[in-house]
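To start, the structure itself, in structure tokens.
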Amino acid sequence: MTTTSDDCQLREALGNLLKASDELASAIELSSGSFDTGLLDDIAPSKRELMLAANSARKILNAGTSTKPDITKKAIAANIEAMRKILMDSVLRTSEAFQAIQVGEQNQAIGGLLDLDRDLEDALALHRAAVALHRTGRAP
């Protein structure tokens, strides 16, 4: 199997994404102890989102040389799998919160839901990435 120029460019872009994701996640983690990151929370992707993107890029890069459609399909699959895991965890936590509120444990119920909005935003970001990859893969 030969590697085309497009394959090389895609692998290079994925490598750059992986490196940038790792560097940004490290910078956010290091800086969070030294100053208020409230502004970063509004503009920067979450550490989890960066980790998901980096892991998706790693899976693709470790898959070996493939054709562009194969790489696109693997990237979409990695995004869908990460989204599935987030949503399954969200459903479980929501069910636990519902059970807690049914027995009068309001604090426990709300505590279980505190990061749900962030998880759903991460799932939405993965959804958008999968759809974008699909659209890009179909483009001439």
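Quick caveat: nothing in here was measured; it's all calculated off a predicted structure. Scope of the values below: all heavy atoms of this structure, side chains included, with no hydrogens, waters or symmetry mates.
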*asked:* Exactly one of L116, D117, D122 should register a side chain to side chain contact (heavy atoms under 4.5 Å, CB included) with L120. Which one does?
replied: L116
*R93 and D89 ion-paired at < 4.0 Å*: yes
*Hey, is the main chain of A75 close enough, under 3.5 Å, to the side chain of N79 for a donor-acceptor pair?*
yes
*Closest approach of I86 and L126, non-hydrogen atoms and distance?*
CD1-CD1, 3.7 Å
_Is there a path of hydrophobic side-chain contacts, each under 4.5 Å between heavy atoms, that joins L124 and L87?_
no
_Evaluate R84 against E81 for salt bridge (charged side-chain N to carboxylate O under 4.0 Å, His left out), listing each step before the verdict._
CA-CA 5 Å; R84 184 186 71 82; E81 175 63 13; 2.8 Å; yes
Sequence neighbours left out, cut at 3.5 Å: what donor-acceptor pairs do the side chains of residues 94-102 make with other protein atoms?
from: T94; atom 1: OG1; to: S90; atom 2: O; distance (Å): 2.7
from: S95; atom 1: OG; to: V91; atom 2: O; distance (Å): 3.0

*Contacts of R128 that satisfy side-chain hydrogen bond (donor to acceptor under 3.5 Å, both in side chains) - sequence neighbours left out*: none
_NZ-CG distance between K85 and D119, expressed to the nearest 0.5 angstrom_ = 14.0 Å
